[in-house]
Amino acid sequence: MAEMATVLIVDDELRITRLVRDYLHQAGFGVVEAFDGPGALQAARAHELDLVVLDLGLPGMDGLDVTRRLRAESDVPIIIVTARTEESDRIVGLELGADDYVTKPFSPKELVARIRAVLRRVDMQAADGGVLRVGPVTVDRPKMRVTVDDGEVDLTPTEFHIVATLAGQPGRVFTRAQLLDAVHGVAFETYERAVDAHIKNIRRKMEPDPRRPRFVQTVHGVGYRFADG
């Protein structure tokens, strides 16, 4: 993570923006603020940002449209903020390319931790030379080889690509459609449940106890993630 990472906070509730800004300042982050969709896009174009915290319920242009526009212009990490009742919007936000989400009401300390986790994943990707190491798991992408505690795991090509996608960004939540897209190049909604079968096989092969997954974790109502460390 950069020594002074800059975070854009986008929320039309001034109280929330100020609270998050204060916590981020205390944690050593630079902060830029915006209060609506057009303002978020202007700020993203005017500043060198390391991450965006984006509320979905914005005036002028909703957060999903902002996410779509940001992704067309930049690969800056995005954490979306949703109400607890907005599960479908949360999934759509992830599909559009958001990196993580938090639900309102949220703890500012939790948000800071999520921001740090996303930035760590970005740093890991930047330093990746084709071999990923996450705890006892090593993913050698050129050789299509996965080991756990130095023991090789016999995975099919599809299973390998799912593990490589998840392990490439530990802690990030991937929807089933995103995992299918990583494997096949295009997401077919009717086949999304096939991911569950692949995950079951992956756990059987690489988890110490498949009933209590240590590595490939389920995020109920959304998808899967690889344990962060």
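In what follows, residues are counted from 1 in the order of the sequence shown.
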task: Decide if atom CG of Asp154 counts as having more than 12 heavy atoms of other residues, nucleotides or ligands within a radius under 6.0 Å.
output: no

message: Restricting to non-hydrogen atoms, name the atom on Pro59 and the atom on Pro38 that form the minimum distance, rounded to 0.1 Å.
response: O-CD, 4.2 Å

Donor-acceptor under 3.5 Å (Asp36 side chain, Leu58 main chain): no

- request: Could you tell me which non-hydrogen atom of Asp62 sits nearest to which non-hydrogen atom of Leu64, and how far apart they are?
  value: OD1-N, 3.1 Å

List the atom pairs, with distances to 0.1 Å, where a side-chain N or O of residues 10-17 and a protein N or O form a donor-acceptor pair under 3.5 Å, not counting sequence neighbours.
unit_1: Asp11; atom_1: OD1; unit_2: Glu13; atom_2: N; d: 2.8
unit_1: Asp11; atom_1: OD2; unit_2: Lys104; atom_2: NZ; d: 3.2
unit_1: Glu13; atom_1: OE2; unit_2: Lys104; atom_2: NZ; d: 3.3
unit_1: Thr17; atom_1: OG1; unit_2: Asp11; atom_2: O; d: 3.2
unit_1: Thr17; atom_1: OG1; unit_2: Glu13; atom_2: O; d: 3.2

message: Run Thr6 and His47 through side-chain contact (heavy atoms from CB on, under 4.5 Å) and show every step you take.
response: CA-CA 9 Å; Thr6 301; His47 297 273; 5.5 Å; no

- line: One should read off an interatomic distance between Asp100 CG and Arg225 CZ, to the nearest 0.5 angstrom, of 8.0 Å

- prompt: Taking C-beta and beyond as the side chain, do Pro208 and Phe215 meet within less than 4.5 Å on heavy atoms?
  reply: yes

field: Beyond-backbone contact of Ile9 with Phe29, side-chain heavy atoms, under 4.5 angstrom
entry: no

message: Which heavy atom of Ala40 sits nearest to which heavy atom of Val66, and what is that distance?
response: CB-CG1, 4.1 Å

query: Got a salt bridge between Arg176 and Asp196, using NZ or NE/NH1/NH2 to carboxylate O under 4.0 Å?
result: yes

field: Any donor-acceptor N/O pair, Arg203 side chain to Val216 backbone, under 3.5 Å
entry: yes

- prompt: Taking atom CG of Leu166 and atom CD1 of Ile199, what is their separation to the nearest 0.5 Å?
  reply: 5.5 Å

task: Check Val118 against Pro77 and note the closest heavy-atom contact, atom names and distance.
output: CG1-CB, 3.6 Å

task: Drop me the distance from Gln42's CD to Leu8's CG, to the nearest 0.5 angstrom.
output: 11.5 Å

Short N-O contact, Glu207 and Arg212, less than 4.0 angstrom: no

- request: Begin from the C-alpha positions of Arg90 and Thr103 and carry the test side-chain contact (heavy atoms from CB on, under 4.5 Å) through to its verdict.
  value: CA-CA 9 Å; Arg90 186 161 68 238; Thr103 54; 3.6 Å; yes

Shortest non-hydrogen contact between Val102 and Glu110, atoms and distance: CG1-OE2, 4.5 Å

- request: Would you give the length of the straight line joining atom CG of Leu51 to atom CD1 of Ile79, rounded to the nearest 0.5 angstrom?
  value: 4.5 Å

field: Heavy-atom side-chain contact between Leu41 and Met61 under 4.5 Å
entry: yes

message: Checking side chain to side chain contact (heavy atoms under 4.5 Å, CB included) between Val112 and each of Val20, Val7, Leu24, which is the one that passes?
response: Leu24

His161 side, atom NE2; Leu180 side, atom CG - distance, nearest 0.5 Å: 13.0 Å

- request: Determine the minimum heavy-atom distance between Pro170 and Val134, stating which atoms define it.
  value: CG-CG2, 3.8 Å

field: Non-hydrogen side-chain atoms of Leu179 and His198 separated by less than 4.5 Å
entry: no

Show me the donor-acceptor pairs, under 3.5 Å and distance only, between side chains in residues 67-75 and residues at least two apart or in other chains.
unit_1: Thr67; atom_1: OG1; unit_2: Gly63; atom_2: O; d: 2.8
unit_1: Arg68; atom_1: NH1; unit_2: Asp65; atom_2: OD1; d: 2.7
unit_1: Arg71; atom_1: NE; unit_2: Gly97; atom_2: O; d: 3.0
unit_1: Arg71; atom_1: NH1; unit_2: Ser74; atom_2: O; d: 3.0
unit_1: Arg71; atom_1: NH1; unit_2: Val76; atom_2: O; d: 3.0
unit_1: Arg71; atom_1: NH2; unit_2: Val76; atom_2: O; d: 2.6
unit_1: Arg71; atom_1: NH2; unit_2: Gly97; atom_2: O; d: 3.3
unit_1: Arg71; atom_1: NH2; unit_2: Asp99; atom_2: OD1; d: 3.2
unit_1: Glu73; atom_1: OE1; unit_2: Arg45; atom_2: NE; d: 3.1
unit_1: Glu73; atom_1: OE2; unit_2: Arg45; atom_2: NH2; d: 2.6
unit_1: Ser74; atom_1: OG; unit_2: Val76; atom_2: N; d: 2.9

- request: Treating Ile, Leu, Val, Met, Phe, Trp and Tyr as nodes and any side-chain heavy-atom pair under 4.5 angstrom as an edge, say whether Tyr224 and Met206 lie in one connected cluster.
  value: yes

query: Same cluster or not: are Ile78 and Phe35 linked, directly or through other Ile, Leu, Val, Met, Phe, Trp or Tyr residues, by side-chain heavy atoms under 4.5 angstrom apart?
result: no

message: Assigning hydrophobic clusters by single linkage (Ile, Leu, Val, Met, Phe, Trp, Tyr; side-chain heavy-atom cutoff under 4.5 Å), is Ile162 placed with Leu132?
response: yes

- request: Check whether any side-chain heavy atom of Pro136 lies under 4.5 Å from a side-chain heavy atom of Arg214, and answer yes or no.
  value: yes

field: Reported CZ-to-CD1 distance for the pair Phe160 and Ile202, which is rounded to 0.5 angstrom
entry: 11.0 Å

